[in-house]
Amino acid sequence: MPEPLLELVDLRIRAGTRDLVHRASLRLEPGRILALVGASGSGKTLTARACLGLVAPHPGVVGGSLSIGDGVTTWRPLALPPKARRAAFRSLRGRVVGWLPQEARASLDPLRTIGSQVRAVLSLRARDRIALPADRPRPEDWLAAAGFSDPSRVVRRYAHELSGGMAQRACIALALARGSRFLLADEPTTGLDPTVQAAILDQLGRLREEGCGLLLITHDLRIVPRHADMVAVMDQGEVVELLPADRLSQARSEPAQALLQATARIAGGLL
């Protein structure tokens with residue numbers, strides 16, 4: 001059986017006559033974390049959203065290929081006509097590729113308990129005939145897998161009753177319960193205190209160990225060497241450098257050097 005793989009090649013996204021993303025290429029593999037770094041506005045989030053079919057067509061994606069395999073089937077949604085492309089992404093979103101947003105609480109349903117939201121996701125999984133692991137039949141099991149120490153209490157809570165870190169863990173539980181093979185995490189630790197940031201990053205590391213392929217979008221270069229396997233540097237809509245995460249300090253591109261120097265000034269030289 002072939003390995004699951006998400007491969008984006010030469011993505012182009014346009015607004016009017018301007019290219020917002022130009023020939024961006026990324027590759028996600030099972031059990032690996034790819035960090036995507038770059039200055040604000042460099043195209044990181046837009047590139048990730050294109051992998052979920054969430055870029056508005058004005059004209060939006062105008063070039064490139066996306067191949068997503070789950071080990072059984074391979075989809076190439078960007079090669080399809082617009083209507084078929086939308087349908088293909090609807091079938092992939094969540095079931096194969098999950099999204100961890102920067103503002104986790106806003107992505108949760110404020111009118112439903114966390115437990116009911118996990119149950120709804122599990123019903124979608126059953127509809128798609130994706131088997132449940134024998135040791136995770138209940139919402140509490142998926143919340144525990146996302147790092148909650150007392151999931152029986154969390155199932156009864158609403159989004160507004162969760163801290164930022166708890167909301168992010170709830171989003172992780174939803175993605176796992178749906179059966180996502182790949183997770184695209186957009187600044188998942190933004191606004192969290194250092195201890196909670198560390199716990200979320202450790203949890204993402206455990207997902208990697210379970211075979212998930214993760215894209216970690218971050219502005220914090222300090223976390224990259226320890227938590228990622230590879231790092232891609234974006235600048236003005238292009239991936240300008242790709243290197244092992246533990247060699248980030250040796251990056252040669254000007255955008256990477258600028259990020260490293262700025263991080264060193266702010267963090268007192270720590271990387």
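- Although no hydrogens or angles enter the test, the distance criterion places no donor-acceptor pair under 3.5 Å between the side chain of T113 and the main chain of R157.
- The backbone N or O of Q102 lies less than 3.5 Å from no partner atom in the side chain of E187, so there is not a single donor-acceptor pair.
- The structure places OG of S116 at 13.5 Å from CZ of R156, a figure rounded to the nearest 0.5 Å.
- In this structure a side-chain-to-backbone donor-acceptor pair under 3.5 Å is present from R95 to S91.
- If you run side chain to side chain contact (heavy atoms under 4.5 Å, CB included) between V233 and each of V239, L221, V37, only V37 comes through.
- Side-chain atoms of Q168 come within 3.5 Å of backbone N or O of P101 as a donor-acceptor pair.
- Side chains of V97 and I68 form a contact here, defined as non-hydrogen atoms less than 4.5 Å apart.
- For the pair M166 and F148, the minimum side-chain heavy-atom distance is below 4.5 Å.
- Put simply, V240 and M230 are part of two different groups of oily side chains (I, L, V, M, F, W, Y) that touch within less than 4.5 Å, one to the next.
- Looking at R12, its side chain never comes within 3.5 Å of a backbone N or O of D19 through a donor-acceptor pair.
- F89 is listed as a side-chain neighbour of L66, based on a closest heavy-atom distance under 4.5 Å.
- Q203 contributes a side-chain N or O that, together with a main-chain N or O of A145, makes up a donor-acceptor pair within less than 3.5 Å.
- Nearest heavy atoms, V231 versus P244: CG1-O, 4.2 Å.
- One hydrophobic cluster, built from ILVMFWY side chains closer than 4.5 Å, cannot hold both L260 and L242; they sit in different ones.
- The hydrophobic clustering, which links ILVMFWY residues whose side-chain heavy atoms are closer than 4.5 Å, places V9 and V21 apart.
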Discussion item. side-chain contact (heavy atoms from CB on, under 4.5 Å), that's the test. Do V61 and I13 meet it? Break it down for me.
Written reply: CA-CA 4 Å; V61 176; I13 300 175; 4.1 Å; yes
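- Between D229 and G31 the shortest heavy-atom distance is OD2-O, 4.3 Å.
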Practice prompt. Verify side-chain hydrogen bond (donor to acceptor under 3.5 Å, both in side chains) between D193 and T195, making sure each step is shown before the conclusion.
Written response: CA-CA 6 Å; D193 69 59; T195 56; 2.5 Å; yes
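- Scanning both residues, L192 and G165, for their nearest heavy atoms gives CD2-N, 3.5 Å.
- Closest non-hydrogen pair, A256 versus A251, comes out as CB-CB, 3.5 Å.
- No donor-acceptor pair under 3.5 Å is formed between the side chain of R27 and the backbone N or O of E7.
- Heavy atoms of other residues, nucleotides or ligands lying less than 6.0 angstrom from CD of E103 number more than 12.
- Taking the side chain as every heavy atom from C-beta outward, L54 and R93 approach each other to under 4.5 Å.
- Remark: side-chain polar atoms of R125 are paired, donor with acceptor, to backbone N or O of A177 under 3.5 angstrom.
- Atom CD of E254 has 12 or fewer neighbouring heavy atoms from other residues, nucleotides or ligands inside a 6.0 Å radius.
- Note that CG of D70 and CG of L92 are 8.5 Å apart. Values are rounded to the nearest 0.5 Å.
- The backbone N or O of L28 sits nowhere less than 3.5 Å from a side-chain atom of R32 that would complete a donor-acceptor pair.
- In terms of heavy-atom proximity, V55 sits nearest to G60 at CG1-CA, 4.1 Å.
- Contact annotation: the side chain of L174 approaches that of L108 to within less than 4.5 Å [non-hydrogen atoms, C-beta and beyond].
- Hydrophobic cluster membership is shared by L52 and L11, with clusters built from Ile, Leu, Val, Met, Phe, Trp and Tyr side chains linked at under 4.5 angstrom.
- Annotation: side chain of P188 is in contact with side chain of L216 (closest heavy-atom distance under 4.5 Å).
- The NE2 atom of H22 lies 11.0 Å from the CE atom of M234; values are rounded to the nearest 0.5 Å.
- Looking only at side-chain heavy atoms (C-beta outward), L184 and L100 stay at 4.5 Å or farther from each other.
- Put simply, CZ on R169 and CD1 on I172 are 7.0 Å apart, with the number rounded to the nearest 0.5 Å.
- The salt bridge (Lys or Arg N to Asp or Glu O under 4.0 Å) search around R76 returns none, not counting sequence neighbours.
- Linking Ile, Leu, Val, Met, Phe, Trp and Tyr residues whenever their side-chain heavy atoms come within less than 4.5 Å leaves I33 and F182 in two separate clusters.
- The minimum heavy-atom distance between A245 and A228, with the atom names listed, is CB-O, 3.3 Å.
- Expressed to the nearest 0.5 Å, how far CG of L8 lies from SG of C51 amounts to 4.5 Å.
- Using a 4.5 Å heavy-atom threshold, the side chains of V118 and L122 count as touching.
- The 12-atom threshold is not exceeded at CZ of R226, counting heavy atoms of other residues, nucleotides or ligands nearer than 6.0 Å.
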Discussion item. Pair H227, L204 - check side-chain contact (heavy atoms from CB on, under 4.5 Å), show working.
Written reply: CA-CA 9 Å; H227 294 282; L204 295 181; over 6 Å; no
Fill in: Worked check of side-chain contact (heavy atoms from CB on, under 4.5 Å) between R252 and Q257
CA-CA 7 Å; R252 296 183 177 182; Q257 284 295 316; 5.8 Å; no
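- The line from CG of L6 to CZ of R181 is 12.5 Å long, rounded to the nearest 0.5 Å.
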Discussion item. Using the rule given for side-chain contact (heavy atoms from CB on, under 4.5 Å), can you reason through S65 versus D10, listing the C-alpha separation, both sets of side-chain angles and the distance that settles it, and then say yes or no?
Written reply: CA-CA 7 Å; S65 65; D10 290 343; over 6 Å; no
